Amino acid sequence: VSVRSGARVSMPGMMDTVLNLGLNDETVVGLGQLDKLERFAWDSYRRFLTMYSNVVMGMNVSLLEIELEDLKAAKGYELDTELSTADLKALTEKYKKQIQLSTGKSFPTDAYEQLWGSISAVFRSWNSPRALTYRELNSYPNDWGTAVNVQAMVFGNRGDDCATGVAFTRNPSTGEKKFFGEFLVNAQGEDVVAGLRTPHAVSKEDSKGNGGSLEELMPSAYAELVSIYQKLEKHYRDMQDIEFTIESGKLWMLQTRNGKRTAKAALRIACEMIDEKLISETEALMRISAQSLDQLLHPTLDTNSEKTILTKGLPASPGGATGGIVFSSEDAVKANESGQKSILVRIETSPEDIEGMIKANGVLTTRGGMTSHAAVVARGMGKCCVAGAGDIDIDYNKRELRVKGYLLKQGDTITLDGSTGEVYLGEVKTIEPELDEYFHRIMKVADSTRRLSVRTNADTPQDAEAARRFGAEGIGLCRTEHMFFGADRIDVMRRMILAENREERLAALSDLLPMQRSDFAGLFQAMKGLPVTIRLLDPPLHEFLPHTDDECEELAKRIEVPLEKLKLKVRSLHEFNPMLGHRGCRLGITYPEVYRMQVRAIAEAAVAVNKEGLAVEPEIMVPLVATAGEIQILREHILSEVREVESELKVKIKCTIGTMIELPRAALKAADIAEHADFFSFGTNDLTQTVLGLSRDDSGRFLGTYVSQGIFAQDPFQSLDQAGVGELVAMAVKSAKSVKPSMKLGVCGEHGGDPDSIKFFDSIGLNYVSCSPYRVPIARLAAAQAKIQNAEKMST
Ligand code: PEP
Ligand code: MG
């Protein structure tokens, strides 16, 4: 018999299998006599010894492979199939001795002992590291568990009228409706999977006329295989991954599964199955993993090329990127100027690094999680980023890093896979994305199905345009602080921060005003009249100041401020807990002139753009509100500035004023806050941070352990903690609606682009989600799936 795993979804190659079970020194003789196929019997026994000792007894099979290779070398054989019966008999004796030697146990001869050993091993393999990793990658819960199948063997290794193979009913990488498979004559399943011998194409067309296809060698078995695969696909109404064996000319089906496929293939298969009337449009939408669309939107690594893995961090921003290592923003800029691709490697990134992040091909950090600065910014830019790769030790002084025994210096080439978090040595080839007709068709179906609007988080006209191309219906969050990080802005911003008094501050602000005005005009133009939510300044001011002595000295010279004064200011702005410090609307309360400058820039830009024929109604948003008092005061400031602009320019300006709900108190007191706000946008990054008391920048270090121990099903910064944070959001939605039933409610934290979280946001009645440009298509599809699933739940 064979003992095989049987999880509810296919996890190819992740769990163990034992074949040829039941053979021992006695039964091997019986099997050989059965059809006078002695060689076949001993070949099966050899295979069983190898598999069982590895899977059940935990032995390193390379010890047995050495015996096999030595024997083949001594006899001058190239292939296993050249081994004679006598060779195989000798080999099994050697194997048994080697097993005894390295495991300290003799090979079990009792078939029941073999059976229970194998059943336990297959169950155990559910928790093998690779199965765990695979489930983590695909968000399959660990508590699903697996079945174990004990199946009668059919043998593909009984001679040249036998074969075994694997096939897909359609092409799993392109989706083309063409049977695609590989097989080996006189072989067992693992020969195909492990690549011990090069398999041949099943169909004549794919075999390129070498005469070795199954279609040509075993035409009647092939014809039967074709009729069976068509039947299976019709029955399951999905592309199947099938395993088959041909024993003495007779075809046996071992297994059929819904086949794994690339996102590109999934879209094509779904569209063509709608046309073939196999599935409905709703089914087609539900078939495609929204998350997998990521693969289509960024350059991706060529999976067929060879790779050496260095380490793994968090898959912070998808795509593939290759370049020489640089350790500073300046070096990334320099590399770019000299036409070289670079990967910016930092312990963590700060606003100072923004230029480097833009110029680098990819970003790698050793600290920080999915909502860390690097991750958020990189995703916003569609830049490949791996964050929190804690195994890497960086020495900035020597410009080198150490990871798992490798020493890499500035300029050495590495490659990032932002979709898996993997970091590779050297260059790995990438492929450019292309959005095809199938993508656009599925998106159209999704758009006509969903209830939630999909907006984007964008701070530049380029991001906004990219997002609109991906189908964004507005900007849900423009983080204005990002506008001050540019090389031409940051020093003006610093002058504003270093101002001794209100007059000095106003002078610096008046320099910032035209810059902001043109920023906002650019955004409004890029969005062509779609809604734009602009958030007033949020981060603590010290984030804009330099930190090291050298940097202070340079800046002091550049902006002509005494060094001591600068250092004193840096020290005075230092906070022990900046995330809970002088940031968000607290800045607006203490320095209203900063917020008023921004409001003026927004209002003036809207007036200017409206003159060009667009009807812009800016949505001004206040961050980090905890109390009704804060929004009440700031609303007055905003309105009075807008009125000033109106009377100066003699126009009416339509705008709305809303607030982020990103602190627990704001969620609890949503009804009070709603009295002073036209809309709410849930900032689930800060809300997760404050509800769970987890630092969004530091928790990457231990969240992995929390997820692997099942304390969190997923990283709560990636997928909303629905039971905790979610309950608070749902409560706030209810209270807000009790005061203003038709209030516009959205979410702009990273969760706005996460399919599971989107399902939740749909169920509690939010109006829109907002996510980074490159997640917009994912959110469009996920919102359609959410609507379908939530409607199904309601009807049951
Ligand atoms: C949030 O906190 O969820 C949010 C969107 O704001 P930021 O990430 O800029 O703090
Ligand atoms: Mg926030």
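Remember, it's 1-based here, ligands and their atoms both numbered in the order they're listed. Computed from a predicted structure; not experimentally measured. Hydrogens, waters and symmetry mates play no part in the numbers below; they use all other heavy atoms, side chains included.
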* To do: Verify whether the ring centers belonging to Phe544 and Phe485 lie closer than 6.0 Å.
  => yes
* Pick one of side chain, backbone, both or neither for how Glu750 approaches ligand 1, counting any non-hydrogen atom pair under 4.0 Å. => neither
* **Which of the ligand 1 atoms, numbered from 1, are nearer than 4.0 Å to a heavy atom of Leu477** => 5 (C)
* Hey, mind stepping through Arg635 and Asp678 against salt bridge (charged side-chain N to carboxylate O under 4.0 Å, His left out) and telling me if it holds? -> CA-CA 10 Å; Arg635 188 182 177 90; Asp678 302 318; 3.4 Å; yes
* Applying side chain to side chain contact (heavy atoms under 4.5 Å, CB included), name anything that partners Ala628, two or more places apart in sequence or on another chain. => Asp672, Ile673, His676
* Ion pair present between Asp519 and Arg489, side-chain N to carboxylate O less than 4.0 angstrom? -> yes
* Among all residues two or more places apart in sequence or in another chain, which pass the ring pair (Phe, Tyr, Trp, His ring centres under 6.0 Å) test with Phe679? -> none
* Asked: Hey, is Asn457 touching ligand 1 through its side chain, its backbone, both or neither, going by heavy atoms under 4.0 Å?
  -> neither
* Asked: What protein N/O/S atoms sit under 2.8 Å from the Mg ion (ligand 2), by chain and number?
  -> Glu662 OE1, Asp686 OD2
* With heavy atoms of Cys748 as the reference, note each atom of ligand 1 found under 4.0 Å away. => 5 (C)
* ligand 1 atoms in contact with Arg696 (distance to a heavy atom under 4.0 Å) -> 2 (O), 7 (P), 8 (O), 10 (O)
* Identify whether the distance between the nearest side-chain nitrogen and carboxylate oxygen of Glu465 and Lys528 falls below 4.0 Å. => no
* Structure fact -> Numbered in order shown, the ligand 1 atoms found under 4.0 Å of a heavy atom of Thr684 are 3 (O)
* Structure fact -> Note: ligand 1 atoms sitting under 4.0 Å from heavy atoms of Gly683 are 1 (C), 2 (O), 3 (O)
* Sub-3.5 Å donor-acceptor pair from the side chain of Asn457 to the main-chain atoms of Cys748, do we have one? -> yes
* Arg451/Asp762 ion pair, N-O < 4.0 Å -> yes
* Asked: Quick one: which ligand 1 atoms are inside 4.0 Å of a heavy atom on Asp538?
  -> 10 (O)
* Atom indices of ligand 1, in the order listed, that fall short of 4.0 Å to a heavy atom of Met660 -> 4 (C), 5 (C), 6 (O)
* Quick one: ring-ring contact (aromatic ring centres under 6.0 Å, His included) pairs with a partner in residues 680-715, sequence neighbours left out? -> Phe702-Tyr706, Tyr706-Phe712
* Is it the side chain, the backbone, both or neither of Leu687 that has a heavy atom closer than 4.0 Å to ligand 1? -> neither
